[in-house]
Amino acid sequence: MKSTDKLSQKIKQLFVILLPILVTQLAMFAMNFFDTFMSGHVSAKDLAGVAIGTSIWIPIQTGLSGILFSVTPMVAQLVGAGRKEEIPFKVVQALYLAVAVSAAVLLAGAFALNPILDNMNLEEPVRRIARLFLISIAFGILPLFLYTVLRCFIDALGHTKVTMFITLLSLPVNGGLNYVLIYGKMGLPALGGAGTGVASAITYWVIFLVALAVAARMQPFAAFGIFRKLYRVSVSVWKELLKMGVPIGFAILFETSIFAAVTLLMSNFNTVTIAAHQAAINFASFLYMIPLSISLSLTILVGFEAGAGRYKDARQYGYLGIGLAVGMSLLCAVVLWLFNEQVAGIYTREPDVLALTQHFLIYAIFFQLSDAIAAPIQGALRGYKDVNVTFIVALVSYWVVGLPVGYGLANYTDLGAYGYWIGLISGLALGAFGLFARLASVQRKARLGLAAFAK
């Protein structure tokens with residue numbers, strides 16, 4: 001009876017952490033959804049332009065934000081180990097690192113943007129919209145990365161409801177700005193798809209400023225006094241952050257960039273194919289918010305338990321998260337199978353785009369099932385501070401297997417654009433298998449009490 005009570009307590013704690021994170025992720029995704037939805041109702045060219053722009057932006061955003069995700073396991077383990085006094089210094093160093101990363105992205109973008117777009121086979125209106133989208137959203141890079149650090153700090157302390165409310169606050173801001181800037185309301189010019197970049201940049205500033213006020217003034221965050229002292233840059237802490245963060249960031253980059261690469265390769269097809277692919281990927285990304293949220297929750301819970309040396313509890317949280325993600329993915333698969341026509345209709349009224357989107361959505365069922373296994377395992381491994389193997393698995397499964405298989409099927413068989421989706425499914429399935437094997441190894445070493453189990 002006691003073990004049953006303890007298990008039910010863990011399930012309850014998982015949901016206490018998970019539900020606010022899920023709402024937060026869905027709210028942040030809603031910004032991208034508004035971009036795609038509203039652009040699609042202007043024209044297929046606007047939707048295609050935003051598709052190309054986001055395919056370049058999303059890997060940069062998620063990959064480099066992933067580097068800063070190292071703050072979560074670092075803070076969670078410090079809390080679990082009872083070393084809270086070390087947290088302010090390390091969070092401030094992470095903020096400094098966020099500024100440096102932002103500067104590097106802006107500098108690289110200034111030189112690389114035009115050559116990247118020039119080398120793509122795009123219609124001129126599509127190229128122009130993509131370029132304006134990327135230039136506009138660049139003004140929001142700094143606040144987005146700074147917000148990521150503050151969010152990781154707040155979440156690692158277990159107060160995920162706070163970041164949920166911050167993100168929910170931003171939704172009407174983003175939706176309203178999209179409406180005004182895309183369609184040209186309140187006397188402003190109609191920017192079309194490019195207006196989504198401006199709206200997103202402004203929204204990033206809003207959520208950063210709100211998070212800054214919360215961290216500085218609201219308890220228990222204010223008690224850490226993060227902004228009371230101006231610390232010098234610490235190379236040793238930067239190394240610590242990067243040692244964990246770079247593998248995390250690159251693992252996320254390899255996963256998200258393969259979707260971006262496929263979208264960019266889709267530019268060899270017509271505008272209808274690009275638009276349909278973007279709509280289907282957008283909805284698949286919406287479904288991915290469920291396993292991603294479970295992943296972020298497991299990083300906090302597993303990190304706290306591992307920091308306290310309670311490896312049995314950490315292992316139980318890991319398997320609870322994986323089971324929940326798989327169950328939810330099966331439910332989503334049934335819904336997507338039954339209502340794919342209605343889902344496609346959310347994004348477009350154009351018959352050709354609608355029909356092709358429906359076909360792509362059927363393929364999306366299969367790779368979201370693999371995501372349900374892979375994403376929670378990644379979160380659990382980050383909680384153990386085990387990140388290097390995840391990085392290698394992502395590289396091999398997505399770029400050595402997934403993309404080449406997709407390219408071969410798309411260009412050397414009659415499958416055409418569908419071949420890329422089969423490649424995505426192959427890569428995700430292989431990645432899920434490799435990550436599960438690594439988690440089993442880490443948990444076995446932890447169970448044996450090895451001090452260096454995460455190496």
Taking all heavy atoms of L298 and all of G321, pick out the closest pair and write down the distance. CD1-CA, 4.0 Å
Could you pull out the closest heavy-atom pair between N178 and G195, with the gap in Å? OD1-O, 4.2 Å
Which residues share a ring pair (Phe, Tyr, Trp, His ring centres under 6.0 Å) with Y96, sequence neighbours left out: none
Nearest 0.5 Å, what's the CD1-OH distance between I422 and Y363? 4.5 Å
Nearest-0.5 Å distance that lies between atom CG in L296 and atom CG in L301: 11.0 Å
Is the ring pair W421/H277 parallel, tilted or perpendicular, if the boundaries are 30 and 60 degrees? perpendicular
Okay, side chain of S329, backbone of L369: is any donor-acceptor separation there less than 3.5 Å? no
What do you reckon, is OH of Y179 surrounded by more than 12 foreign heavy atoms closer than 6.0 Å? no
Could you tell me whether K243 and E240 make a salt bridge, using a distance below 4.0 angstrom between a side-chain N and a carboxylate O? no
Any donor-acceptor N/O pair, T299 side chain to G379 backbone, under 3.5 Å: yes
If you compare all heavy atoms of G53 against all heavy atoms of A130, which two are closest, and at what distance to 0.1 Å? N-CB, 4.0 Å
Residues L361, T357; criterion side chain to side chain contact (heavy atoms under 4.5 Å, CB included); working and verdict: CA-CA 6 Å; L361 286 171; T357 301; 4.2 Å; yes
Let me see the working for F153 and I87 under side chain to side chain contact (heavy atoms under 4.5 Å, CB included), right down to the final yes or no. CA-CA 9 Å; F153 162 64; I87 292 175; 3.8 Å; yes
Are side-chain heavy atoms of R382 and D386 found at a separation under 4.5 Å? no
Derivation and outcome, side chain to side chain contact (heavy atoms under 4.5 Å, CB included), residues S236 and K239: CA-CA 5 Å; S236 63; K239 285 181 179 179; 5.6 Å; no
Please tabulate, for the side chains in residues 218-231, all donor-acceptor contacts under 3.5 angstrom to protein atoms that are two or more places apart in sequence or on a different chain.
residue : atom : partner : partner atom : Å
Q219    : OE1  : A223    : N            : 3.3
R228    : NH2  : A222    : O            : 3.1

Just wondering, do L134 and L113 contact through their side chains at under 4.5 Å, heavy atoms? yes
dist L168:CG -> S170:OG (nearest 0.5 Å) comes out at 7.5 Å
Is the closest side-chain heavy-atom distance between T148 and F69 below 4.5 Å? yes
Counting N and O atoms only, with roles assigned by atom type, does the side chain of Q443 sit under 3.5 Å from a partner on the main chain of K312, one being a donor and the other an acceptor? no
For the student: nearest non-hydrogen atoms of A156 and T72, plus distance: CB-O, 3.6 Å
Output the distance between atom CG (L106) and atom OG (S102), rounded to the nearest 0.5 Å. 6.5 Å
Examine distances only and state if a side-chain atom of W205 and a backbone atom of L144 form a donor-acceptor pair shorter than 3.5 Å. no
If we ignore angles and hydrogens, is there a donor and acceptor under 3.5 Å between the side chains of S295 and Y288? no
Derivation and outcome, side chain to side chain contact (heavy atoms under 4.5 Å, CB included), residues L78 and K90: CA-CA 10 Å; L78 287 173; K90 293 193 174 182; 4.1 Å; yes
Please find the pair of heavy atoms, one from P73 and one from M244, that lie closest to each other, and give the distance. CG-SD, 4.1 Å
If you count heavy atoms of other groups shown closer than 6.0 angstrom to CZ of F433, is the number above 12? no
Passing candidate, side chain to side chain contact (heavy atoms under 4.5 Å, CB included) with T196, options I137, D46, V50: V50
Measuring only between side-chain heavy atoms, which start at C-beta, is L177 closer than 4.5 Å to V198? no
In the structure I gave you, are the side-chain heavy atoms of L403 and L265 within less than 4.5 Å of one another anywhere? yes
Side chains of L324 and L18: closer than 4.5 Å at any heavy-atom pair? yes
Please examine the side chains of L439 and I322, heavy atoms only from C-beta on, and report whether any two atoms are closer than 4.5 Å. yes
Side chain to side chain contact (heavy atoms under 4.5 Å, CB included), paired with R151, selected from V71, I21, V214, I207: I21
Just by distance, no angles: are the side chains of T160 and D155 close enough, under 3.5 Å, to form a donor-acceptor pair? no
Salt-bridge present (E305, R315; N to O < 4.0 Å): no
Before giving the answer on side chain to side chain donor-acceptor pair (under 3.5 Å), spell out for Y311 and Q316 the whole-Å C-alpha distance, their side-chain angles and the decisive distance to 0.1 Å. CA-CA 9 Å; Y311 296 121; Q316 289 178 341; over 6 Å; no
Looking at CZ of F15 and CG of L320, how far apart are the two atoms once the value is rounded to the nearest 0.5 Å? 9.0 Å
Closest approach of A380 and V302, non-hydrogen atoms and distance? O-CG1, 3.5 Å
Could you grab the distance from atom NZ of K161 to atom CD1 of I154, nearest 0.5 Å is fine? 15.0 Å
S200 side chain to G197 backbone, donor-acceptor under 3.5 Å: no
So, do V387 and F391 sit near enough that their side-chain heavy atoms are less than 4.5 Å apart? no
